[in-house]
Number of protein chains: 2
Amino acid sequence: MSKAIQELTILKEHLTKHNLKLTRQRENILTTFLKMEHVTAEHMYRLLAKKDPHIGLATVYRTLKLLCEAGLAKEHHFGTQTQFDNVAHKGHHDHLICTDCGKIVEFENCQIERLQEEVATRNGFTIKTHRLELYGLCATCRS
Amino acid sequence: MSKAIQELTILKEHLTKHNLKLTRQRENILTTFLKMEHVTAEHMYRLLAKKDPHIGLATVYRTLKLLCEAGLAKEHHFGTQTQFDNVAHKGHHDHLICTDCGKIVEFENCQIERLQEEVATRNGFTIKTHRLELYGLCATCRS
DNA sequence: CCAGAAATTGAGAGCATGAATCATTATCAG
DNA sequence: CTGATAATGATTCATGCTCTCAATTTCTGG
Ligand SMILES: [Mn+2]
Ligand SMILES: [Mn+2]
Ligand SMILES: [Zn+2]
Ligand SMILES: [Zn+2]
């Protein structure tokens, strides 16, 4: 089973479970979404408008939110931009962001995660989510 | 020298250095700002409006930005809210945020900071800033 | 294969935050 | 004081996203 089909299956199951319908727009948005790592709603809208000039911006926003609910996407707020992250085949990770060229590198560091838990426990908190973003210059932009 | 006077001095020096003027509004905003740890522009606006109903919202935004430039405040984006943090007497710190009651706890963990540097170096990045926020439930809201 | 209930769509209005505009007012150096 | 210059505040604008609603599409089950 190819990855794209597997993700379409996940979406279909989510739709069925919530009495929602599979539409041409939802399929198109998923297909385009799966081709990239991170994408903004506006960017997706412009990509889709090339194929279907009548796609609505509201539909793009609604569907990206739907993909989050189905567990296929994850929303990240980097600076002023809201990026949707293709997470179906990824575990948890945080991000390094180049403030010059916008390059995004994903990383995972379980030592940091463990220390976060420690901090929370020490303060009587139970962590539900966290957000760790490192902003700076990538190797290319530094030189 | 009291803390409030010390901070007024810092602001005055910043103003002089940049050919800016000390106004009644700027003094009032600083005075109110120094009384709290974290505040939003809207909240500050409502507090000030009690004393001076003619204060402009734009002035509040402009002055909070000015306080950031003078090093007295630091802007944080928590969820959808933008909080201004009274940092004159604090070093760098990150935040634990209760998603139920909104409580904010500050912490500092140099082990995490060091690991962040390591991650960046390993990926060829030079960190300029970072953002670490832990969201969850505080002890009170958990029970 | 329908018919019809229910969900979805897209155009545009609405909303929230924050920044720009600009005529009027306040500051402050000389 | 006075004049150059900066600041203010009412308002409009910009951005990013959500809501509204009439028209359309989906899809179930007879
Ligand atoms: Mn990612
Ligand atoms: Mn703080
Ligand atoms: Zn770069
Ligand atoms: Zn709480």
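Computed over heavy atoms, backbone and side chain alike; hydrogens, waters and symmetry mates excluded. Below, chain A is the first sequence line, B the second, and so on; all start at residue 1.
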Atom [atom1] of [X] to atom [atom2] of [N]: distance rounded to whole Å?
X        : N       : atom1 : atom2 : result
Glu69(A) : dT8(C)  : CD    : P     : 11 Å
Arg26(A) : dT9(C)  : CZ    : C1'   : 9 Å
Glu75(B) : dG18(C) : CD    : P     : 8 Å
Gln81(B) : dT17(C) : CD    : P     : 8 Å
Glu42(A) : dT18(D) : CD    : C1'   : 14 Å
Gln83(B) : dT17(C) : CD    : C1'   : 14 Å
Leu15(A) : dC27(D) : CG    : C1'   : 13 Å
Leu66(A) : dT8(C)  : CG    : P     : 8 Å

Go along nucleotides 21-30 of chain C 5' to 3' and tag each nucleotide: B for a protein heavy atom under 4.0 Å from its base, S when only backbone or sugar atoms are that close, - otherwise. B-----BS--
Think Tyr61(A) has a side-chain N or O under 4.0 angstrom from the OP1 or OP2 of dT18(D)? no
Are any of His54(A)'s side-chain N or O atoms less than 4.0 Å away from OP1 or OP2 of dA11(C)? yes
Taking any heavy-atom pair under 4.0 Å as a contact, classify Thr82(B): base, sugar-phosphate, or nothing. sugar-phosphate
Hey, what's the ring geometry for Phe78(A) with His76(A), parallel, tilted or perpendicular (30° and 60° as the breaks)? parallel
Tell me whether [X] is salt-bridged to [Y], with the criterion being a basic N under 4.0 Å from an acidic carboxylate O.
X         : Y         : result
Glu27(A)  : Lys12(A)  : no
Lys17(A)  : Glu13(A)  : no
Arg142(A) : Asp100(A) : no

Minimum side-chain heavy-atom gap Ile97(A)-Leu134(A) below 4.5 Å: no
NZ/Lys128(A): more than 12 non-hydrogen atoms of other groups inside 6.0 Å: yes
Do Glu106(A) and His38(A) have a side chain donor and acceptor closer than 3.5 Å? yes
